[in-house]
Amino acid sequence: MADFQSIAPRDHEAYMRFALSLAEKSDPKPTNFRVGAVLVDEASNQILSTGYTLELPGNTHAEQCCFKKFSALKGVAADDVGTVLPESTVLYTTIEPCNKRSIGNLPCTERILKTRSAAKGGIKTVYLGVKEPETFVGENKGRAKLEEAGIECVHVTGFEKEILDVATAGHPS
Ligand code: HJL
Ligand code: ZN
């Protein structure tokens, strides 16, 4: 992704707003949330990758799309994305990473943890805009699981209503 960008280093609100603008690109569906995510190298303030729900073919999540696009860019297998992420990589996501998925899909929490077990690099901090509503899986333990494993999770406040409005567009009212 281009080096130039207008978001100031560690401007978490601006990055969250950018993630929200990505979520808006996702097709509304009653069966999932519309989420946006951005991978950033916090040391260089470079955007490494972006993603939104269902951006890539299949039943893809925003965070999953971020990882998959970055691994493709770097020419490594999707499972090995942690080996090419800088040590200072952080993830912005409008909704906290999922911990439970329909059969055959790895939860994004697992994907994030796997980046840390790679030889170098990996996600060190997750900035999230809102806790996942209990609509689909009951209480999501994604954040708790990440924190238990030593990944810092920071709630960027102030966007909850907008994030949920975007996330649930297409749900029955
Ligand atoms: C996050 C996404 C997305 C969700 N959460 N963080 N990013 N779609 O891109 C969480 C929700 C699951 C449902 C259905 N959504 O998507 O709990 O079918 O979408 O595996 O539980 O699971 P599947
Ligand atoms: Zn997910």
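All ligand and atom numbering here is 1-based and tracks the order in the structure. The first residue in the sequence is number 1, and the count goes up from there.
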By number and element, which atoms of ligand 1 are closer than 4.0 Å to a non-hydrogen atom of [X]?
{"X": "Thr53", "value": "2 (C), 8 (N), 9 (O)"}
{"X": "Ala62", "value": "2 (C), 9 (O)"}
{"X": "Ile95", "value": "6 (N)"}
{"X": "Arg101", "value": "16 (O), 20 (O), 23 (P)"}
{"X": "Val137", "value": "17 (O), 21 (O)"}

Could you tell me whether a side-chain N or O of [X] sits under 3.5 Å from a main-chain N or O of [Y], the two making a donor and an acceptor?
{"X": "Arg111", "Y": "Leu106", "result": "yes"}
{"X": "Arg143", "Y": "Cys153", "result": "yes"}
{"X": "Glu42", "Y": "Ser88", "result": "no"}
{"X": "Thr53", "Y": "Val35", "result": "yes"}

Backbone or side-chain N or O of [X] under 3.5 Å from ligand 1 N or O:
{"X": "Glu63", "result": "yes"}
{"X": "His61", "result": "yes"}
{"X": "Asn59", "result": "yes"}
{"X": "Asn32", "result": "no"}

Checklist line | Among the N, O or S atoms of His61, the one nearest the Zn ion (ligand 2) | finding: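 Atom name returned: ND1.
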Next item on the list: May I have the angle between Cys108 SG and Cys98 SG with its vertex at the Zn ion (ligand 2), rounded to 10°?
Entry: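 Approximately 120° at the metal, rounded to tens of degrees.
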Margin query: For atom 14 (C) of ligand 1, what is the closest protein heavy atom, and at what distance to 0.1 Å?
Written below: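 The closest heavy atom on the protein side is Thr31 O, 4.2 Å.
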Item checked: Nearest non-hydrogen protein atom, atom 22 (O) of ligand 1 ->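 Its nearest protein heavy-atom neighbour is Ser102 N, 3.8 Å.
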Note to self: One pair to check against salt bridge (Lys or Arg N to Asp or Glu O under 4.0 Å): Glu87 and Arg116. What are the steps and the verdict?
What the structure shows: CA-CA 9 Å; Glu87 186 58 46; Arg116 295 299 314 180; 3.2 Å; yes
Next item on the list: Consider only side-chain heavy atoms of I, L, V, M, F, W and Y, link residues closer than 4.5 Å, and tell whether Val76 and Phe67 are in one cluster.
Entry: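 Looking at the clustering, Phe67 is in the same group as Val76.
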Item checked: Nearest candidate to atom 11 (C) of ligand 1, where distance is taken over non-hydrogen atoms, out of Glu132, Lys100, Lys29 ->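 Residue with the shortest heavy-atom distance to the ligand atom: Glu132.
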So do the side chains of [X] and [Y] get within less than 4.5 Å of each other, counting heavy atoms only?
{"X": "Arg17", "Y": "Phe159", "answer": "yes"}
{"X": "Leu20", "Y": "Tyr92", "answer": "no"}
{"X": "Arg10", "Y": "Tyr127", "answer": "yes"}

Check: Can Thr83 and Asp80 be said to form a side-chain hydrogen bond (donor to acceptor under 3.5 Å, both in side chains), step by step?
Finding: CA-CA 6 Å; Thr83 63; Asp80 295 333; 5.6 Å; no
Next item on the list: Report yes or no: does a heavy atom of Glu96 sit under 4.0 Å from some atom of ligand 1?
Entry: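 Heavy atoms of Glu96 do come under 4.0 Å of ligand 1.
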Check: For ligand 1, is any non-hydrogen atom under 4.0 Å from Phe136's backbone (N, CA, C, O), its side chain (CB onward), both, or neither?
Finding: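 The answer is the side chain.
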